[in-house]
There are 2 protein chains.
Amino acid sequence: MSYSLTQAQDVTSYVNPFIGSSNFGTTNPGPIAVRGMANVSPFNVAGPQNLPFEKDSRWWSTPYVNENTLLTGFSHVNISGVGCPELGVILAMPTTGALETDYKKYGSTYTNEEASVGYYTNHIEKYNIKVEATATTRVGVSKYHFPAGESNILLNLGLGLTNEEGAMIKVVSPTEIEGIRSVGSFCYYKAEEAYPVYFVARFSEAAPEFGVWKKPKTHTGLESQWMGYNGKTRLKKGYTKEVVGDSIGAYMRYNFDKPTTVEMKIGVSYVSIENARENLEKETQHKSFNQILADSKKEWNSYLSRIKVEGGTEDDKTVFYTALYHTLIHPNTLNDFNGEYPKIKTRETLKTDGTRYTTFSLWDTYRNLHQLMSLVYPKQQSNMVKSMLQIYDESGWLPKWELNATETTTMVGDPAGIIIADTYLKGIQDFDVEKAYTAMLKSATQIENNPLRPGLKDYIEKGYLTTKTIESGSVSTTQEYNTSDFAIAQLAKALGKKQDYKLFSKRALSYRKLFDKEFNLLRPKNDDGSWLTPYNPEYGANFQKNLGFIEGNAWQYTFMVGHDTKGLIKLMGGSANFSKKLQEVFDKNQFDMANEPDIAYPYLFNYIKGEEYKTQNLVQKLIKEYYQNKPAGLPGNDDTGTMSAWLVYSMMGIYPITPAQPIYTISTPVFDKITIQLDTEYYKNETITIEKETLTNGAIKSIELNGKPLNSYFMSHDDFVNGTTLKVIQN
Amino acid sequence: MSYSLTQAQDVTSYVNPFIGSSNFGTTNPGPIAVRGMANVSPFNVAGPQNLPFEKDSRWWSTPYVNENTLLTGFSHVNISGVGCPELGVILAMPTTGALETDYKKYGSTYTNEEASVGYYTNHIEKYNIKVEATATTRVGVSKYHFPAGESNILLNLGLGLTNEEGAMIKVVSPTEIEGIRSVGSFCYYKAEEAYPVYFVARFSEAAPEFGVWKKPKTHTGLESQWMGYNGKTRLKKGYTKEVVGDSIGAYMRYNFDKPTTVEMKIGVSYVSIENARENLEKETQHKSFNQILADSKKEWNSYLSRIKVEGGTEDDKTVFYTALYHTLIHPNTLNDFNGEYPKIKTRETLKTDGTRYTTFSLWDTYRNLHQLMSLVYPKQQSNMVKSMLQIYDESGWLPKWELNATETTTMVGDPAGIIIADTYLKGIQDFDVEKAYTAMLKSATQIENNPLRPGLKDYIEKGYLTTKTIESGSVSTTQEYNTSDFAIAQLAKALGKKQDYKLFSKRALSYRKLFDKEFNLLRPKNDDGSWLTPYNPEYGANFQKNLGFIEGNAWQYTFMVGHDTKGLIKLMGGSANFSKKLQEVFDKNQFDMANEPDIAYPYLFNYIKGEEYKTQNLVQKLIKEYYQNKPAGLPGNDDTGTMSAWLVYSMMGIYPITPAQPIYTISTPVFDKITIQLDTEYYKNETITIEKETLTNGAIKSIELNGKPLNSYFMSHDDFVNGTTLKVIQN
C-alpha cells in the first residue's frame, strides 16, 4: 500500500465497540484486529439467567448481547453482525476455588465492563477476577488478574454458539493446550459441510495442576444399569493425551500465594494445529499484552484515520468511526500467517500470496460495503476480488455466501459479479478480469446444476422466475439476476464485448415484465404468465415467507432496480407517480432500514428534479433515528458491515446508488469537512475532501465539484477521486 | 532368548482358533501375533439379527461369538477371554454397491469361515467378497477380494464393543486414513480413565473416491425445528480434514472394471498416530499379505513348538496347542515398535527397553499362567515382572488388573507380588528384586489410601476383613491377602529378611480365624467378631453377590489356601474329614471349572496319601468334559489364558499347585511324551521331558524323576528343570 506519511491523528477513541451489541445488531465488543480471524468476545448468551436472549431458546446469532448478565466465558472465533448462529467457540473462562466444569454453575455476573478498539475488560464478580483482552489477526490474548488462592482457567469445547458439536483437546504441557472444534451449519443449513477450527492456547504461568474433562452422553438402554458413571462428567487430572467427543474441555489450575496475573494467548487456524501454533508464535511471541494492545490500536488507527472528519458532534464522530470499524471486520482473514488456507469444501491445504478473505455475505455487501472498500481501501478490495476468483478456481463457481471455505448458499442472487464489475469500473483492475468475466458468464448461462442461479431456465426463457420456479422470492430473485446481468453488461462494455453488452443489457430489464400497473408495483407471475392472484403487496414484511419476495414485500423491492430507475419511472407513469409511490413507502411504514433490499430508497428522490431535498431530509432523519452512540445504535443485524457502510457513506453525503455503476449520488454531509486519504497505488491523488458550507442547515442550495458548479446530484467515481474537492452548500 | 536351533516341527496346524468362541469363552478366531497389540476379529455381535448375543442387549464382552450370523466388520483391537466389554473398535467392513454407513443396513451373513494361527477368512454373502486377514504385533492386515463394480471399505469409529464413545478420523490421502478412538470403562467401571487408541490405515489401491461421515446426535429442543438435518448422517465426500465426534467414520470407494484385491493394513498404537504409522511401516512395509502370514505362522510355531507332544489323539493335540496359543495372547504388548508406551493413568509418553506388557488380569493369572510362562517362556515372564515394576515406578503401586496403562482395579486381592515371588523363586531373577520387595511391602502395610488392599486395617488388626469392612467378599479378600502375605514371606526368606519372613508367615495363616467348625467351612465374621448369621454356605454360587465371597461361595473358596493345605487339614479334623469335604464339593456340584478360586481343587487329593487317584480321575474327567475341539470347548471365560494354562499343565500331568511355592504336583499326562524346550538363558538344560508308561490307563503306579523313584506326588521346580525326565508309570 502506498499512503502518504502524514502523522495520523488518533481516531480510535471514537470507536464504541458496544454499538450494535443490542437491538439484534449482533456485533460484539470483544477485541479484534483489522479483518481478524480471532476475536475475544465475552460470551453471555448461555444459561437460563440470560433468558429471553438465550442461545438455545430461540434463533440466536451472536455470542454477546449487552442486556444479558451471565458470563460463561470468552469465545475466540465469532462472526459479527449476522443473523444465523455459527462459531462462538473455544470458550475460555477464569474461575477461582474448587474446579467446576459445568457452565451453568461456573457462570458469573460481571461489572466494570469497558471496551475500546482492540481492548475489552470486565470484572467477574463471583470470582473477583479482572479480565483484559486484546487480539492480533489470528491470536486472542487475555490477561486474567487472579486474587490469591485456588484459580482455574477453563477451556470449554462443549459450549458454543454454533449448534454443531465434536471436539478434540490435548494438554501439551503445563503451559500449552491444543485442540480442534467442529463448527458449521450456518443458518441451520448444510450441516454436512461442518468443518474444524484448530487452536493452540499458551499460558504465561505453568500450571502445577491441569487436566481435561468429558461429559459423555447419558445412556438409556440396558447397559445403563451397570454404568454408575452414566452421563456424569469425568475429570482426568494430569492427562496429556487427546480427548475426543462432543462435550469436552481442559483446565489449568493454580494456587497463588499472592494476587497473580496470567496471560493466555490462543492462536487459531482453519488449516491445522501446527498452523495455529505458528500463528501464535509469529504474531505474539516475545510480545507483552500491552505491546500487542498498542500495536493493535496503532493498526486500527492507520485504517480508521484514512477518513478524517471535522465538525459534527462527538456522538456523530463516534457513530461514524464505529461504523467504519464495523466495515473493517468482515470480510476477514482466512489464511494463516504462512499463507495456507483450506480449499473450499474439500478443505485441502492451499497457499495464497495475498490475503485470502472469507465471510462473504455478498447479498448484503454488494450494495455498498465493497464500494466503500474500493474508495478507501482499494488494496483490500482487490484482494477480496482475488479471493472470490480463488474460490472460483477451487470450486468452479464464484461465492454467494462463503464462510471459512464453505459455501453456505444463503440468500438469493448471484452477487459476486456485481462486486467484481463495480471494482473494475472504479479502476481497481489488478486481477484477472478475463477469468472473472468467464466466471460471471458461467453462472449467468449454465442452466443445469447451477448453484448460484436456480431457476435460470425460466429466467432466460420467460424473463422472470415464476411462483412455480422456486418456493419463494420469484420476483426478488428476478431482480437480483437483473442486477447481476446489468453488471455483466457494464463489464462487457468496458472489455469491448459488444455482443454480450447488448444481450445482458436487455436481460437486465426483464423485471419490467413483473411490473403490474394495477398496483404500480412488482407482482409475482405464475407459470402460465398470469399474475399471482389474489395479491396483497404488503404481505412479506417482517420476514414472512412469501412467493414473490425474500425477506420483504413488493414495497420493499419494487424500487430495487437501481440500474433502471429511469425505466421504472416510465413504468410508473412518470416522475410524479414515481415520487408519490416512493413517498408512500415511507409514509405507509413499509421502509425497512434494517434490511438490504430498500437500503438505497432514500436516495432515489435524487432522480426527481426538485425533490432532492426529500433525500436529504430522509437520510438525515434515518441517521439520527437508527444510528446512535449506544448498544442499540444499529437498525438491526449489521449484516457484516453493510448497515455500517450505509452510514459511513450517508454521513459523508455521498452514496454509491447503483451497484456496478461507478457513480455517487449526493446528499448533505453530517460533517463540515471530510478528508479521505487515497491509496496512491490505485489513485493519483493523495487525498480528496468533501466540504459542507451551511447557513441554516437547510436544503442543499448548490454543489461544486473540484471548484466547478455541479448541475446534478450525481457525480462519477472518476471525477471524484481524480479531483480535489466536493463542496456541498446548504441554505 | 537362547534356544537350541533344532528344526522346529510345525505344530501351528494343531491350533483351532474357534475354540473358546462360544459358551462364553470370549476368545475370537481373528489373527493375532504372539502377544500382539493388534488383532483382526470378525465382529458379529451388533444388530438385532444377532440376538440374544447382541452387545447392547446384555452384559457382553467379546467381539465375536460363533453362533451369531450377522457380520458388521472386523475390529482391530480386542481383548481375548475376558468377562467385561472393552475395545472391539476400529471396525473395517468391505461392501459393494452404493455407499451405506449404517451397520444395521450394511451388515451381512457370511460363509466359508476358516481360521488358523495368524489367519482368518470368510466370504461375505451380501457382497460376494472374500476376506482374508492376518496380523503382525501392531498391525492388522486384511485382503478384500472384491468383485467388479462399485466397492467400499468402511472404517466405522462409531460402532464398538466398548460402551465408550468419541473419535477423530482424517483421510490423509487416497491410500491412507488416520484416527483416534476413545475406549475404556472396562467392567462398566472407571470411565474417567477412558483413553485413546490411535491408528493409521493404508490401502494397496488408491481410492478414486473417499470421504468421511458423521452421525450427529438428534437435537430435541427448540432449535430442532430449523434443523432439517437433525440426527441425519452426513457424508463429506473428498474431505481431508479431521472429523471429531461420537459417531463418525471414513470410507474408501472404488469402481473396479474387473475383480480386484485390495490389501488394507491398520497399524495401531496407544501413544500416537505417528507411532501407529511407524508401527505399520516398520512391521509391514514392503511385505505382502502372504509374507506377513508366513512370518506370523513361523513366529507362532517357534513359540508353540517349545512344547512337543507325542501320543494322544489329534483332538488332544488340538486342545493342547490351542490352549498354549491362548496363553500367548495376554499379557500382550503395549509399547510401540520404537519402545514408547503410555505412562499409567496420566499417559505421558515413556520408553522401554524390553517389552512393556499389558492386560494383567492378575487375580486370574497369578494361579497358573505366569507359572507356565516361567517354565516355558522365562524371558517373557521376566519382562512381565519388569512391566509390573514399571507400573510401580509410574504409579507408586503394583498392578492389580492393568489394561492398556489404566488400572481397572477389577476383582480383589494383591496378586502382583505373588507372581513376582513365584518368578524369583523359580530362578528368574534378572529384575530389581529389592524394588519389587519394597513394592510388595507397601501394599501389605500402607493402611490409608491403599488401592490394592482395601480393608487392610481390619485385616492387620483382626486378621480378617469383616462384613462391615467391605460390601462383599470379606472372606475371599482375607484369603487373597493371606496368599499375598505368604508370597512376601517366601520372598523375604529367599532374600534373608528373617523378621519379615516370620511376620508375613504368621499373617498368611489368619484365614484360620474364619474357619467355622460348625460347617467345616470358612464363614464371614461381623465387626464384633461374631459369625455372620444366618449362614447358607451355598449362597454365592453362580456369581451371586454376597458378603463373604467374590464370584463364589464357601465351598468354592474354603480350600483356596494352597500355602496352608496342611493347616486346613488339621482345621477340618484330619485327612479323612478333609478328603470327605473336598469330595463333597464335587459331589454336590459346587465345583466351578469356569472360575479361578477352586481351580486347584482337583489337585488337592494329592495331599491325602492313597487318594491321589482321585486327583488323576478328576483331572482326566474335567479335561474331557470341559476342554474340547469345538467352539464351546472352554469351560467359560478363558480369563486371559488362565483356563487354558490350567489345561496345558493338566495335560502335561503337572500342576503348580501353590502360587509362590516353586513346586509342582503330579497327575497323569494325556500324552505319552512331552518335551519342553528350555530357555538356556535361564535354565541349564536345553530340554526336559515328561513320559508316560501305561498298561491299562489306570491309576499312577509309580513316578520317577531323573531316573530315580519319586516317593511323592510333588516335586520342586528346581529338581524338575535341572533334571532330564519325569516319568509317570500307570497301571
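Labels below follow one simple rule: chain letters A, B, ... track the order of the sequence lines, proteins then strands, and each chain is numbered from 1. Fair warning: this is a prediction, and the values are worked out from it, not measured in the lab.
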Identify which of A:K343, A:E193, A:R234 forms the greatest number of heavy-atom pairs closer than 4.5 Å to chain B. A:R234
Would you please name every residue forming a ring-ring contact (aromatic ring centres under 6.0 Å, His included) with A:W397, sequence neighbours left out? none
Could you pull out the closest heavy-atom pair between A:K236 and B:Y195, with the gap in Å? NZ-N, 4.3 Å
Option in A:V243, A:N230, A:L222 with maximal non-hydrogen atom pairs under 4.5 Å from chain B: A:L222
Atom of B:D246, atom of A:D246 and distance for their closest heavy-atom approach: OD2-OD2, 3.5 Å
Flag side-chain contact, heavy atom, 4.5 Å: B:K241 against A:Y198: yes
Distance-minimising heavy-atom pair for A:A194 and B:Y239: O-OH, 3.6 Å
If we define contacts as heavy-atom pairs under 4.5 Å, which of B:E242, B:M168, B:E348 has the most with chain A? B:E242
For a quick test of reading the model, state the closest non-hydrogen atom pair linking B:R58 to A:W226 and the distance between them. C-CH2, 3.6 Å
In terms of heavy-atom proximity below 4.5 Å to chain B, should A:Y229 be classed as side chain, backbone, both, or neither? side chain
Between A:A167 and chain B, which part of the residue has a heavy atom less than 4.5 Å away: side chain, backbone, both or neither? backbone
What pair of heavy atoms forms the shortest contact from A:S182 to B:V244, and how long is it? CB-CG2, 4.0 Å
Those residues of residues 207-219 of chain B, ordered by number, that approach chain A below 4.5 Å (heavy atom to heavy atom): B:K214, B:K217, B:H219
Need one label for A:E164: side chain, backbone, both or neither, based on atoms under 4.5 Å from any heavy atom in chain B. side chain
Salt-bridge present (B:K237, A:E192; N to O < 4.0 Å): no
Go through the atoms of A:W60 and report whether side chain, backbone, both or neither lie under 4.5 Å from a heavy atom of chain B. neither
Non-hydrogen side-chain atoms of A:N163 and B:M227 separated by less than 4.5 Å: yes
Max heavy-atom pair count under 4.5 Å with chain A, selected residue of B:A191, B:G166, B:S185: B:A191
Is it the side chain or the backbone of A:T349 that comes within 4.5 Å of chain B heavy atoms, both, or neither? side chain
Go through the atoms of A:V271 and report whether side chain, backbone, both or neither lie under 4.5 Å from a heavy atom of chain B. both
So which of A:K232, A:R181, A:K190, A:E223 has the biggest tally of heavy-atom pairs under 4.5 Å with chain B? A:E223
Can you tell which part of A:S57 gets under 4.5 Å to a heavy atom of chain B, answering side chain, backbone, both or neither? backbone
